[in-house]
Peer 1: 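What follows is a single structure, and I will ask about it in a moment.
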Amino acid sequence: MREELNRQIDRALRGLLVEAGDQEDPPAFSLEVPRQSEHGDFSCNVAMLLAKRLKRKPREIATDLVARLGDAGGLVAAAEVAGPGFINIRLDASNWQSLVAQIIEQGGDFGRCDIGRGRKIQVEFVSANPTGPLSTGHGRQAVLGDCIARLFEKAGWDVTREYYFNDGGRQMRVLGESVKARYLEHLGLAAPPSAESLANPESSWVEAVDGRPVAFPKDGYQGDYIADIAKALADEHGEALVDEPGDGLFRETAQKEIFADIDATLESIGIHFDVHYNEKSLYDEGKLEQVIDDLRAKGLIYEADGAVWLAAEKLGFDRDRVVIKSSGEPTYLLPDIAYHREKFHRGFDRVVDVQGADHIEQFPYVRDAVAALGFDADRIELVMHQFVTITSDGQRVKQSTRKATFVTVDELVRDVGRDVFRFFMIERKPEGHLDFDLDLAKDRNWRKNPAYYVQYAHARTHGIERKAAEIGVAMPSPDGFDAGQLALPEEIELVRKLGEFPETVRRAAETRAPHHIAYYLRDMAGLWNPYVQDGQQHRVLSDDDALTAARLGLVLAVRTVLRSGLELLGLSAPERM
RNA sequence: GCCCCGGUAGCUCAGUAGGAUAGAGCGGCUGCCUUCUAAGCAGCGGGUCGGGGGUUCAAAUCCUCCCCGGGGCGCCA
């Protein structure tokens, strides 16, 4: 509809330019849905854009264009000049009415597009190290990444959801040390600190427990889950593991169990990954050495102070970065570069990294290093998101990762349920802070809680269908009603909103911003709920068979779009509530 | 000091390929239950779009300077 209108305006425009003796191409004008419906279905700004070029008054140009548009026929019901030179266009109502049948016919495909043309895109998200339960920040990222992936699927991309599994490096060693410390403590063998602990500079921290000194790693993980794992190991093996290094069985057990928990958490909010990519495999397959060699060949690697450096200044950064520490261990940067190069080797046309704001600084190094290795850096995109705060009773709920007093995804999901969790996490634009209103999220009142409000709008379509069945009225087929019956302003309004869905999906996909879908759904529900509620004015089920059929068609169209939208956010679309 | 992100109604936030009278939810106030779910709906009140300059026919939106908040600037990840 929009495209057709665009063509017609373009044709009128070219005619006008030819007559004016102007050889240039017409300007790129906008054709938007005005805020106020009194301004018509579409509004065009082209006359104002041309004013200077043609040295004529905008309103004059607009008037000429409207005259030329007159021949359009069929599509346009009325076009008028307004304000400083807008051309406001009202479409013939039949255009909107026929949309209802189209939506029903297309079903879940309404809103789908083929921007991706089947190309391969990878969305990497969560990628949390298996050192503890998922925090709310991870939860936000999980929902965000998943919704972005859903949008890409809707836009015709072949999507791979990927979790980069950090199982190499120091962090996992500290995890193992932490478990071992708790293991010794549990067996009453913790004091004094073991020789191994004291010999290791990373394990020299001594913590007082019940007045006794206990060896515990510096920056160790203090959560109860560590003690639980330790206890399970003690129960199973007794004192047999006293001489086992922290980096061995302790680390492996902790990693496995914690990851299983993470997986279960993600499962509980409906998130699945296609690939779990192991950092360790990059080590095992020699990818790190390859990257070093290739970067060295480009003159971007040098040695100094016993470490290996990336000459980042040559790439325009303000300082160089260590990629292999003097200890011989790579920093996170090296495997990251290797990993991202692998993404291209694996054939992805486009790569999207979803990351928290704390990682933002690192991204350019990875991207530009991969670019230096000969890949198109524009094909790597970053979606950055800020963190989550939890508010209850007007107060911030205090969170500390170090003390392991943070609110976990599990706790939140237990309190508010999966659908509300997802909706609240996706409702804000990624780059802004997200304030999770726990009281509102817990509120079962559908009027207040926006997640329920949208779901309830969907459930209402089924409520009407149930009522129809009761009185023996069948739901119509796409060609089984005359949509011309839908003539009330609020009905046209509803259909117009339905018509915006494809454009909304496209925009959300292109800008990687799923919150647009959440807002669209609230708007849609905000039109539909009142329509249903105010049934004195326009009951769907009435004595007028033709009108009833048309309104039931509207019910089906609304349901189709609401369900598609909920699906894009990964929410259920309940039939009754 | 440098880099990134925010600053829009009492609160939480939409709105940036420049468009007309800046929107929503929550909270507040006032109404509506013989109804396809009142777990709902209608209405009212609420604003120097952080501030100053600039570009433009037109700026919340673009440029610039400043203020405030968050994050980051490691041989941590």
Side-chain angles (χ1 to χ4, degrees), chain A residues 28 30 32 34-36 38-39 43-45 48-49 51-52 57-58 82-86 88 127-129 131 166 168-172 174 219 279 304-309 317-319 321-333 335-336 356-364 382 384-387 389 391 394 427-437 439-440 443-450 452-453 456 459-468 470-471 511 515-516 518-520 522-523 526 529-536 538-542 551-552 555 576-577:
Chain A
S30 74
E32 44 186 54
R35 281 210 170 83
Q36 274 118 324
E38 306 86 72
H39 291 149
S43 180
C44 184
N45 68 344
M48 290 174 291
L49 296 175
K52 186 169 279 185
K57 293 191 177 111
F86 289 104
N88 290 339
S127 298
N129 297 344
T131 57
N166 278 267
R170 188 185 87 93
Q171 221 181 158
M172 298 314 295
V174 173
D219 301 326
E279 178 188 5
D305 305 327
V308 179
W309 293 74
F317 292 96
D318 52 10
R319 69 178 185 88
R321 300 292 307 266
V322 169
V323 286
I324 297 179
K325 301 185 248 180
S326 50
S327 66
E329 195 170 39
T331 62
Y332 71 91
L333 185 58
D336 249 23
D358 55 339
H359 282 232
I360 180 71
E361 195 87 9
Q362 319 308 332
F363 180 79
L382 175 68
M384 184 216 71
H385 68 92
Q386 292 284 349
F387 291 123
T389 52
T391 303
E427 206 188 1
R428 305 303 179 205
K429 66 179 168 197
E431 63 272 25
H433 280 106
L434 190 153
D435 189 74
F436 195 106
D437 184 339
D439 302 322
L440 183 61
D443 202 326
R444 311 299 290 183
N445 185 329
W446 301 333
R447 177 188 177 189
K448 293 181 184 169
N449 191 317
Y452 291 137
Y453 186 76
Y456 180 45
R460 277 181 140 159
T461 67
H462 284 275
I464 293 170
E465 178 168 349
R466 283 191 293 273
K467 187 72 178 184
E470 261 174 46
I471 60 175
T511 56
H515 71 283
H516 289 304
Y519 275 88
Y520 173 83
R522 286 173 68 152
D523 285 350
N529 279 331
Y531 180 82
V532 176
Q533 176 68 24
D534 199 12
Q536 297 108 321
H538 39 55
R539 277 188 80 73
V540 170
L541 304 167
S542 68
R551 286 179 173 166
L552 284 174
V555 167
R576 63 173 82 231
M577 294 175 74

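Each chain gets a letter, A, B and so on, in the order its sequence line appears, and its residues count up from 1.
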Peer 1: Counting any heavy atom closer than 4.0 Å, what does D439(A) reach on the DNA or RNA strands: base, sugar-phosphate only, or nothing?
Peer 2: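 Touches nothing.
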
Peer 1: Using Watson-Crick or G-U wobble geometry with both distances below 3.5 Å, tell me the partner of U34(B), or none.
Peer 2: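 In the structure as shown, U34(B) has no Watson-Crick or wobble partner.
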
Peer 1: Could you tell me which nucleotide pairs with A20(B) by Watson-Crick or G-U wobble geometry, both distances under 3.5 Å, or answer none if nothing does?
Peer 2: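 Pairing partner, where one exists within any strand: none, as none qualifies.
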
Peer 1: Tell me every residue that passes side chain to side chain donor-acceptor pair (under 3.5 Å) with T131(A), counting only those two or more places apart in sequence or in another chain.
Peer 2: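 For T131(A), no residue satisfies side chain to side chain donor-acceptor pair (under 3.5 Å) once neighbours in sequence are set aside.
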
Peer 1: Reckon S43(A) touches a base, only the sugar-phosphate, or nothing at all at heavy-atom distances under 4.0 Å?
Peer 2: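 Base contact.
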
Peer 1: For C2(B), which nucleotide in any strand shown is its Watson-Crick or wobble partner with both distances under 3.5 Å?
Peer 2: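 Base partner found: G72(B).
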
Peer 1: For N529(A), answer base if it contacts any base atom (sugar-phosphate contacts may also be present), sugar-phosphate if it contacts only those atoms, and nothing otherwise; contact means non-hydrogen atoms under 4.0 Å.
Peer 2: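 Sugar-phosphate contact only.
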
Peer 1: Scan A82(A) against the nucleic acid and name what it touches under 4.0 Å (heavy atoms): base, sugar-phosphate only, or nothing.
Peer 2: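 Base contact.
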
Peer 1: Let's see if you can work this out: which of C3(B), G27(B), C57(B) has an atom nearest to the side-chain heavy atoms of K448(A)?
Peer 2: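 In terms of side-chain proximity for K448(A), the closest of C3(B), G27(B), C57(B) is G27(B).
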
Peer 1: Do F387(A) and D358(A) make a side-chain contact, defined as non-hydrogen atoms from C-beta onward lying under 4.5 Å apart?
Peer 2: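 F387(A) reaches D358(A) side chain to side chain.
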
Peer 1: Can you figure out which of C41(B), G19(B), G70(B) approaches the side chain of Q386(A) most closely?
Peer 2: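 Nearest listed nucleotide: G70(B).
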
Peer 1: Walk along nucleotides 9-18 of chain B from 5' to 3' and tag each nucleotide B, S or - by protein heavy-atom contact under 4.0 Å, base first, then sugar-phosphate.
Peer 2: ---BSSSS--

Peer 1: In whole Å, what is the span from the CG atom of N449(A) to the P atom of A39(B)?
Peer 2: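 Taking atom P of A39(B) as the reference, CG of N449(A) is at 15 Å.
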
Peer 1: What contact category does P530(A) fall into here, base, sugar-phosphate, or nothing, at under 4.0 angstrom with non-hydrogen atoms?
Peer 2: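 Since only primed, P, OP1 and OP2 atoms lie under 4.0 Å of P530(A), the category is sugar-phosphate.
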
Peer 1: Both distances under 3.5 Å, Watson-Crick or G-U wobble: report the partner of U48(B), or none.
Peer 2: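 Because no pair has both required distances under 3.5 Å, U48(B) counts as unpaired.
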
Peer 1: Of the listed nucleotides (C41(B), A20(B), C5(B)), which one gets closest to any side-chain atom of M384(A)?
Peer 2: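 Of C41(B), A20(B), C5(B), C5(B) is nearest to the side chain of M384(A).
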
Peer 1: Summarise how protein sits on nucleotides 33-38 of chain B as a single string, 5' to 3': B when a protein heavy atom is under 4.0 Å from the base, S for sugar-phosphate-only contact, - for no contact.
Peer 2: --BBBS

